[in-house]
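Read the numbers this way: they start at 1 and go in the same order the structure lists the ligands and their atoms.
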Amino acid sequence: MIHTDSHSALNHTPLPAIYPLIDTHTHFDAPVFDNDRQSQAQQAYAQGVRHLVLVGYLQRYFSRLYETQQAIEQMHLSKDKDRTDRRDVYPVAHIALGLHPFYIEHHTDAHLSSMAQMVQEQRPLAIGEIGLDTYTDAMKQPEVFAKQERFFKAQLDIAVRHKLPVMLHIRKAHAEALALLKAHSYDAHKLGGIAHSFSGGEQEAKAFVKLGFKLGVTGQITNHNAKKLRRAIKAAVDSYGIECLVLETDCPDMMPIMCKKAVDNQSTSQLDSQSANQSATGQSPDNEWQSTDGHNRNVPANLPWVLKGLSELLEVEPKVLAPQLWQNSCNALQTSWLCPT
Ligand SMILES: [Zn+2]
C-alpha cells in the first residue's frame with residue numbers, strides 16, 4: 001500500500017500551473033551551488049519563486065550570505081544589459097543572521113557580539129536560525145544544552161532589541177523551547193517568526209502557532225511515511241487555519257520525494273530517516289554538503305513540489321493555498337512584498 005502512494009509520487013508529473021512563492025528558508029549560499037547558482041536562481045524564478053531567504057548558522061559564513069546576495073543582485077544588473085524586455089528573471093535574496101544550536105561548540109561570545117554589531121549595522125530580514133537541538137547524545141549533555149539555551153536567549157534578545165522576526169530551529173527539544181519562549185519577552189504575535197522545518201507532534205505544532213509562529217513546511221511533507229509530521233501540520237491547520245503555514249525548501253536538504261533520484265533499492269522510510277540525517281545541520285561545518293552531489297541536493301526550484309504535497313494533504317487547491325502562503329510569509333517576516341498576479 002505504502003509503495004502505491006510513493007511510486008505514484010515518484011512519477012515526476014509536471015505541475016499544472018506556476019504560482020508566486022516565497023522560499024522562507026534556504027542555504028543557497030552553500031558551496032554545492034557555486035557551479036550553477038545563476039541557472040538555479042533562474043530556474044527557481046521560472047517555477048514561481050520570487051523571494052528567498054539565505055539563513056545563517058555559523059559566524060564564519062555570514063560574509064558568504066552577503067556575497068551570495070550581492071551575486072544574485074549582480075545577476076539582475078547583468079541581465080539588464082543583455083535583455084531588452086527587462087523582466088525580472090531571478091528571485092530577490094534576503095538574509096537572516098543567526099548562530100545555529102547544532103553548531104553550539106563552535107560559537108563564542110565574540111561571535112555573539114559581532115553578530116549583534118552586524119544586526120545593528122546591516123539590519124537583516126530576520127534572526128536565524130536559532131533554537132535548541134538535542135539530536136545527538138553529545139548535545140544532551142547539561143553543559144552543552146545550557147550553552148544552547150544561553151545563545152538562544154541572547155539571540156532572542158537581539159531580535160527584541162531590533163524588532164526582528166526569528167527563524168527557529170528546534171529538534172528533539174520542543175518542550176524546552178516552548179518553555180523558554182514563554183518565559184522570554186519575544187512576542188511572535190508582534191514580531192512574527194517561523195518554526196522552520198517543523199518536526200514536532202500535534203500538540204507542539206499547535207503550541208508554536210498559539211505563540212504566534214508560523215510552521216515551516218519542507219519537502220518532507222511529500223513523504224507519505226512522514227506520518228507524525230503530516231498529522232501535526234493537519235492538526236495545526238484544523239485548529240488555526242492555513243494562515244499558520246509557510247513554505248521552505250531548506251535546500252540543499254529536505255528534497256521533495258518526487259525529486260529524489262536513484263531510489264530503486266530504498267524504501268521511502270529509509271529515505272525519510274536519511275533526509276533527517278542529511279540535514280544541513282547534521283554535516284560537519286568544514287565539509288558541509290560535500291557529500292551531496294549535484295543530483296542529490298535540493299534546490300529552490302523544487303518549492304512548487306512542497307506546495308503540491310501540502311495541497312494534497314490539506315485538500316486545498318494550490319490556487320487558493322499559494323496566495324495565502326505568500327501572505328503568511330509576509331506576516332511571519334514582517335514584510336509587505338507585493339504578490340505578483
Ligand atoms: Zn536551515
Side-chain angles (χ1 to χ4, degrees), residues 22-33 40 44 49 51-62 64-66 68-69 91 93-104 106-107 115 124-136 139 148 151-152 155 159 164-174 177 193-200 208 213-221 229 245-256 274-292 296-300 302-303 306 329 332-333:
I22 298 170
D23 193 344
T24 60
H25 193 113
T26 78
H27 299 284
F28 196 46
D29 60 310
V32 72
F33 297 112
Q40 284 302 332
V49 180
H51 296 269
L52 61 84
V53 186
L54 305 164
V55 182
Y57 55 102
L58 272 167
Q59 193 260 355
R60 82 173 91 138
Y61 297 136
F62 285 174
R64 201 175 70 192
L65 299 170
Y66 286 94
T68 304
Q69 185 188 42
H94 309 268
I95 288 171
L97 292 180
L99 302 172
H100 194 302
F102 187 84
Y103 300 117
I104 195 67
H106 297 271
H107 307 322
M115 177 184 147
L125 178 70
I127 300 297
E129 47 194 301
I130 63 172
L132 301 173
D133 188 330
T134 61
Y135 190 64
T136 66
M139 297 163 90
Q148 282 194 1
F151 274 70
F152 186 20
Q155 294 180 94
L164 288 169
V166 296
M167 304 235 179
L168 301 178
H169 168 101
I170 313 293
R171 190 162 52 164
K172 295 196 182 291
H174 289 86
I194 296 170
H196 132 75
S197 186
F198 184 77
S199 61
F208 277 97
F213 291 94
K214 309 284 185 210
L215 307 175
V217 177
T218 69
Q220 289 280 78
I221 204 75
L229 170 70
L245 305 177
V246 297
L247 297 183
E248 58 171 287
T249 57
D250 198 18
C251 66
D253 298 324
M254 301 297 179
M255 183 91 90
Q274 190 184 41
S275 303
N277 290 333
Q278 272 178 351
S279 158
T281 53
Q283 299 282 334
S284 117
D286 292 320
N287 65 355
E288 44 164 8
W289 298 297
Q290 268 176 13
S291 60
T292 314
N296 273 318
R297 63 177 182 177
N298 193 11
V299 295
N302 285 339
L303 195 61
V306 186
S329 307
L333 298 169

To 10 degrees, how wide is the angle NE2 (H25) to the Zn ion (ligand 1) to NE2 (H27)? 100°
Any idea which N/O/S atom from E129 gets closest to the Zn ion (ligand 1)? OE2
Taking both backbone and side-chain atoms into account, decide whether H169 has an N/O/S atom under 2.8 Å from the Zn ion (ligand 1). no
For a quick check under 3.5 Å, do D23 and T249 share a side-chain donor-acceptor pair by atom type? yes
Taking A93's backbone N and O only, do any of them form a donor-acceptor pair with Q69's side chain (distance below 3.5 Å, no angle check)? yes
Quick one: does Q155's side chain have a donor or acceptor within less than 3.5 Å of a partner on G98's backbone? no
dist L54:CG -> H25:NE2 (nearest 0.5 Å) comes out at 10.0 Å
